[in-house]
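On a predicted model such as this, the values are computed, not experimentally measured, just so you know.
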Amino acid sequence: MVKYGLDYTRCRWILPLLLGIGVIFGIIALAGRGWLESQTLPYVQQASLWQSCRRPAQGGDWTCQSLMGYAWGRAAAATYLVGFILLVICFALAIIAFAIDTLRFNFIRGIGGLLFVAAVFSIMGLVIYPVKFSTEIDMTGINMFSWAYGFGWTTAIMEICLGFFFCCLPNYEDQILGNVKPTYFYSSP
């Protein structure tokens with residue numbers, strides 16, 4: 001990417017593509033029912049960001065309880081949702097920024113700052129959920145935070161890493177645009 005610059009058509013869209021993957025992971029985390037699951041038999045506990053479900057040990061139907069009845073449930077959902085909405089906004093802004101022929105590097109740095117804010121909101125929701133869930137909801141057996149919760153953390157980590165990329169990219173503006181002459185580390189005879 002640095003060798004050819006952001007004008008190289010295949011490399012130009014790497015950062016918006018990674019943001020798009022982060023959006024997909026965020027959708028999976030928001031919609032997934034695997035935030036918390038029973039780890040061992042009997043499998044009686046399952047929870048998402050929105051509800052907690054359990055069933056009797058001998059089998060039967062799942063009975064679900066909304067987590068929106070708890071203040072911490074609303075707080076965890078709201079903060080993670082705000083972080084996700086900011087991520088979607090950053091994705092749209094990145095597509096606009098990289099679609100313009102002349103890159104606006106200050107605009108790109110602003111996207112990086114907004115990604116850090118999105119990461120803070122996402123991490124707040126990801127920390128509130130397990131702390132309060134494990135203290136306020138009665139759990140049976142051994143439980144684990146599962147795949148959808150992992151997608152939530154992956155989204156937050158991607159927001160932090162992409163925030164660094166977007167913030168640091170303007171520091172190499174001349175190299176990216178090809179305004180710097182190459183330096184050679186050998187001398188000709």
Side-chain angles (χ1 to χ4, degrees), residues 1-32 34-35 48-49 72 74-132 145-188:
M1 186 161 110
V2 175
K3 180 179 177 185
Y4 296 107
L6 283 179
D7 219 19
Y8 192 60
T9 51
R10 286 181 284 189
C11 295
R12 185 180 189 111
W13 295 100
I14 289 175
L15 293 177
L17 175 69
L18 289 172
L19 276 174
I21 292 170
V23 168
I24 291 169
F25 285 174
I27 290 171
I28 292 170
L30 284 170
W35 278 57
S48 69
L49 181 60
W72 61 266
R74 290 189 301 271
T79 54
Y80 190 80
L81 196 58
V82 166
F84 176 74
I85 290 170
L86 289 175
L87 177 65
V88 171
I89 291 170
C90 288
F91 176 63
L93 291 175
I95 288 177
I96 292 168
F98 285 99
I100 298 171
D101 287 335
T102 57
L103 288 173
R104 306 278 188 250
F105 282 96
N106 291 334
F107 186 57
I108 291 173
R109 188 169 278 156
I111 294 170
L114 197 57
L115 279 169
F116 285 124
V117 173
V120 167
F121 277 105
S122 297
I123 290 172
M124 283 186 339
L126 290 166
V127 170
I128 291 171
Y129 182 85
V131 169
K132 296 306 280 182
F145 291 97
S146 191
W147 58 272
Y149 186 68
F151 273 107
W153 274 108
T154 304
T155 302
I157 292 168
M158 287 181 76
E159 289 168 346
I160 292 169
C161 294
L162 288 169
F164 278 115
F165 276 118
F166 275 94
C167 283
C168 293
L169 196 60
N171 294 341
Y172 301 99
E173 179 177 1
D174 290 333
Q175 289 87 352
I176 291 170
L177 296 176
N179 296 334
V180 175
K181 291 183 180 181
T183 57
Y184 299 104
F185 295 106
Y186 63 90
S187 59
S188 55

Distance in Å, [X] [atom1] paired with [Y] [atom2], rounded so as to fall on 0.5 Å steps:
X	Y	atom1	atom2	value
E159	T154	CD	OG1	11.0 Å
I123	I128	CD1	CD1	12.0 Å
L87	S122	CG	OG	7.0 Å
Y80	F121	OH	CZ	14.0 Å
L126	L49	CG	CG	8.5 Å
L17	F91	CG	CZ	8.0 Å

Just wondering, do [Y] and [X] contact through their side chains at under 4.5 Å, heavy atoms?
X	Y	value
I111	L15	no
F165	I108	no
I27	V23	yes
I28	T155	no

What's the shortest heavy-atom distance between [X] and [Y], and which atoms?
X	Y	answer
A29	A148	CB-O, 3.6 Å
P130	F145	CB-CZ, 3.4 Å
L19	C90	CD1-O, 3.8 Å
A156	A119	O-CB, 4.1 Å
A94	P16	O-CG, 4.1 Å

*Is the centre of the F164 ring less than 6.0 Å from the centre of the F116 ring?*
yes
_Using side-chain contact (heavy atoms from CB on, under 4.5 Å), reason through F166 and L93 one step at a time and then give a plain yes or no._
CA-CA 12 Å; F166 275 94; L93 291 175; over 6 Å; no
*Mind checking whether W153 and Y149 have parallel, tilted or perpendicular rings, split at 30° and 60°?*
perpendicular
*Answer yes or no: is there a donor N or O on one side and an acceptor on the other, between the side chain of Y129 and the main chain of S48, under 3.5 Å?*
yes
*Is there a donor-acceptor pair closer than 3.5 Å between any side-chain N or O of W13 and the backbone N or O of I95?*
no
